[in-house]
Engineer: 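I have a structure I would like to understand better, so I am pasting it below and will then ask my questions one at a time.
Proteins come first, then strands; the chains are lettered A, B, ... in the order of their sequence lines, and each starts at number 1.
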Amino acid sequence: FQRRTKIDDALFEELEESLIEADVGYETALSLVTRLREAVRKERLATGEEAQNWLKADIERNLSAGSGVIQWAPNPPTLIMVVGVNGTGKTTSIAKLTHYFQSRGNRVILAAADTFRAGAIEQLQVWADRLKTDMIRHREGADPAAVVFDAVTAARARGADLVIADTAGRLHTKTNLMDELRKVNRVSERALGRSADEVLLVLDATIGQNAVQQARAFTDTLPITGIILTKLDGTARGGVVLSIRNELGIPIKFMGTGEKPTDIQAFNAKEFADAIFG
Amino acid sequence: SLAEKLQGVFERLRGKGTLREQDVNQALREVRLALLGADVNFRVAKDLENRIRERAVGVEVLESLTPAQQVVKIVHEELCAILGDDGGYLRFASKPPTVILLVGLQGTGKTTTCGKLAVHVRRQGRRPFLVAGDIYRPAAIRQLQVVGEGVKTPVHADLEQRDVVRIAQDGVRAALSAQCDVVIVDTAGRLHVDEDMMGEAERLEKALQPSETLLLLDSMTGQDAVNVATQFTSRLNITGFILTKLDGDTRGGAAISIRAVTGKPIRFVGVSEKPEGLEVFQSERMASRILG
Ligand SMILES: Nc1nc2c(ncn2[C@@H]2O[C@H](COP(=O)(O)OP(=O)(O)OP(=O)(O)O)[C@@H](O)[C@H]2O)c(=O)[nH]1
Ligand SMILES: Nc1nc2c(ncn2[C@@H]2O[C@H](COP(=O)(O)OP(=O)(O)OP(=O)(O)O)[C@@H](O)[C@H]2O)c(=O)[nH]1
Ligand SMILES: [Mg+2]
Ligand SMILES: [Mg+2]
């Protein structure tokens, strides 16, 4: 990308294509470039680099709210529920969050509430063992709501700060599965005496515009308090979170950058914006 | 739908005449929105739009179809042309074993699809056998063993072996001893930009000489589908694709992108988490789905 390119239609088209290529989406890309044209006039931007930097700053401003923030409960335990469609990285992200909070001195208990998928409980158990954290599990096929309920009870009894609940992957189009999630959320509210402190939606950065439908459907089902954007160590940029943030106001809290327990960080909006044009 | 949106564009064009360039350009803007919204790669969408423009301008407005319907028909035909033939077949070796190697990014459905392929080939009178080639992901081997039990198919696993090629070769031998003729090899999810893991995939392929190396892609994949497909097909002898999770509501434009840039066929689609959830890829149905 040339630093001193003059600002003309070819430049706007190039910037629009970078946005689309990053999965920002056609309509969001168009509205961003429309606002950029306005800014070029008002702020007398002169070079391609200035135009690109304006876009980066705008995206960064839009996405930095809530980064890395967890809403801690007034009295322990704090409950974080992790939800999302199949294969996005929920279970692995829970391992990462466990490591993240343990390293900050918190005592974590895991709830193996994916009682459906082959090997799901065993997968989380491996992480629990490696991270030396307690895990509450029932048998395969058990009621996921009961697992979360028991985990909250156990956390209270054992003086743990944080319960993180894993749930089965589910496509947002499956009404019976979304109903099940609503029920798990209701039961967890009964266990806590208030709603879950955090319900984090895990989105895979390689997914395109369907992520917006996912966010909408999950938000309609239970209050989503934040997003974990995973697999940013690939070549996908996850630009769809811009539309999700604009439309639904959900903050992007964490980002996943690999498969190890340390591969998580508070969402870095500046890095994210740079990567779109990098 | 695209047809409805185009109806608005052509409202003024009634009855006779030909489609003028300015009408077509307006229509193309709607087509572009539809394709990008469906996650078709933007460069592939551009080529497609140019072809559609060439075919649409100057076309006589027929009595039987509205201009909007005519443009939709052209778009649909161009999508089908890219998608090519229906899938549904598997290449079997002339003498056993037939080895089918599954590769792809993390979480795309490889382990689950092993069970689905076992069911599929058994229906064709073959005897499947699964090999647990993912030695990294926690409980991946266990997951495949449970999948195998669910579809009454033996699984070769080796919890001590750290060389995936050795596991695969032992697995093929075990399959033959068990009188099985189709060996389906599960592998770890890997990034196309991970040198070590792509190297492992290359070594696996070289050692196994599979009849099929199938790249699994999540049907909801966005613009990045082109990068993934290009990298995997340049480093491995990818013989076809399987698109998974098509039971969602994604339009699946990634199908167009990967087919356009690699020319490799889409063989099957995943339509549920269950072992029966594997269907033959049908171009016409996919084209309609992408158009919305
Ligand atoms: N490269 C990369 N891989 C990741 C990341 N997060 C998760 N994965 C991988 O993605 C795959 C799926 O992760 P899981 O944690 O099992 O996903 P899940 O959402 O729990 O899956 P289901 O429970 O089956 O819906 C695994 O191979 C993980 O190692 C990430 O940030 N980067
Ligand atoms: N709804 C639906 N879910 C699917 C389909 N295929 C796989 N899944 C689900 O997607 C998730 C990931 O599937 P896996 O088979 O673990 O994916 P994988 O490619 O082996 O994952 P890694 O080994 O971590 O790379 C699981 O929850 C599966 O049940 C499908 O066609 N439809
Ligand atoms: Mg999981
Ligand atoms: Mg797997």
Engineer: Within a reach of under 6.0 Å around CD of A:E17, are more than 12 heavy atoms found that belong to other residues, nucleotides or ligands?
Structural biologist: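 Enclosed.
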Engineer: Mind listing the closest non-hydrogen atom pair of A:G119 and B:A139 along with its distance?
Structural biologist: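 For A:G119 and B:A139, the tightest heavy-atom pair comes out as O-CB, 4.1 Å.
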Engineer: Can you tell which part of B:R43 gets under 4.5 Å to a heavy atom of chain A, answering side chain, backbone, both or neither?
Structural biologist: side chain
Engineer: Indicate the atoms forming the closest heavy-atom contact of B:V146 with A:A118, along with that distance.
Structural biologist: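 Closest approach of B:V146 to A:A118, heavy atoms only: CG1-CB, 3.6 Å.
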Engineer: For B:K46, is it the side chain, the backbone, both, or neither that has a heavy atom closer than 4.5 Å to a heavy atom of chain A?
Structural biologist: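 Just the side chain, heavy atoms under 4.5 Å.
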Engineer: Write down the atom of A:L171, the atom of B:G248, and the distance for their closest heavy-atom approach.
Structural biologist: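 Heavy atoms only, the tightest pair is CD1-N, 3.4 Å.
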Engineer: For residues 27-35 of chain B, please give each side-chain donor-acceptor pair under 3.5 Å, one per line with the distance, not counting sequence neighbours.
Structural biologist:
{"from": "B:R32", "atom 1": "NE", "to": "B:E49", "atom 2": "OE2", "distance (Å)": "3.2"}

Engineer: Of the backbone (N, CA, C, O) and the side chain (C-beta and beyond), which part of B:D247 lies under 4.5 Å from a heavy atom of chain A, both, or neither?
Structural biologist: both
Engineer: Quiz question: by atom type and distance under 3.5 Å, do the side chains of B:Q106 and A:E259 form a donor-acceptor pair?
Structural biologist: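 Yes - a donor-acceptor pair under 3.5 Å links their side chains.
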Engineer: Which heavy-atom pair separates A:G208 from B:D39 by the least distance, and what is that distance?
Structural biologist: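 Shortest heavy-atom separation between A:G208 and B:D39 comes out as CA-OD1, 3.4 Å.
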Engineer: When you look at NZ of A:K174, are more than 12 heavy atoms from neighbouring residues, nucleotides or ligands closer to it than 6.0 Å?
Structural biologist: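 Counting neighbours around NZ of A:K174, more than 12 heavy atoms of other residues, nucleotides or ligands fall under 6.0 Å, so yes.
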Engineer: Can you find a side-chain donor-acceptor pair between B:D249 and A:N210 that sits under 3.5 Å?
Structural biologist: yes
Engineer: Side chain, backbone, both or neither: which part of B:L105 has a heavy atom under 4.5 Å from chain A?
Structural biologist: side chain
Engineer: Kindly give the heavy-atom pair with the smallest separation between A:D23 and B:G222, and that separation in Å.
Structural biologist: OD1-CA, 3.6 Å
Engineer: Would you mind telling me which of A:T91, A:I207, A:T173, A:T92 has the largest number of heavy-atom pairs within less than 4.5 Å of chain B?
Structural biologist: A:I207
Engineer: Answer yes or no: are there more than 12 heavy-atom neighbours, outside A:F116 itself, under 6.0 Å from its atom CZ?
Structural biologist: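 It does not: A:F116 CZ has 12 such atoms or fewer within range.
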Engineer: Of the backbone (N, CA, C, O) and the side chain (C-beta and beyond), which part of B:L191 lies under 4.5 Å from a heavy atom of chain A, both, or neither?
Structural biologist: side chain
Engineer: What do you reckon, is CZ of B:R285 surrounded by more than 12 foreign heavy atoms closer than 6.0 Å?
Structural biologist: no
Engineer: Is B:R137 close to A:Q123 at the side-chain level, that is, under 4.5 Å between some pair of heavy atoms?
Structural biologist: yes
Engineer: So B:N41 and A:E21, side-chain contact (heavy atoms from CB on, under 4.5 Å) or not? Walk me through it.
Structural biologist: CA-CA 8 Å; B:N41 180 266; A:E21 194 167 17; 5.5 Å; no
Engineer: Quick one: what part of A:L124 sits under 4.5 Å from any heavy atom of chain B, side chain, backbone, both or neither?
Structural biologist: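 Interface part for A:L124: neither.
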Engineer: So, do B:P138 and A:R130 sit near enough that their side-chain heavy atoms are less than 4.5 Å apart?
Structural biologist: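 Yes, close enough: below the 4.5 Å cut-off.
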Engineer: Once you round to the nearest 0.5 Å, how far does CD of B:E273 lie from CZ of A:R117?
Structural biologist: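 Answer for the CD-CZ pair, B:E273 versus A:R117, is 8.5 Å.
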Engineer: Could you check A:V85 against B:M220 for side-chain contact (heavy atoms from CB on, under 4.5 Å), going step by step and ending with a plain yes or no?
Structural biologist: CA-CA 11 Å; A:V85 306; B:M220 323 174 220; 4.0 Å; yes
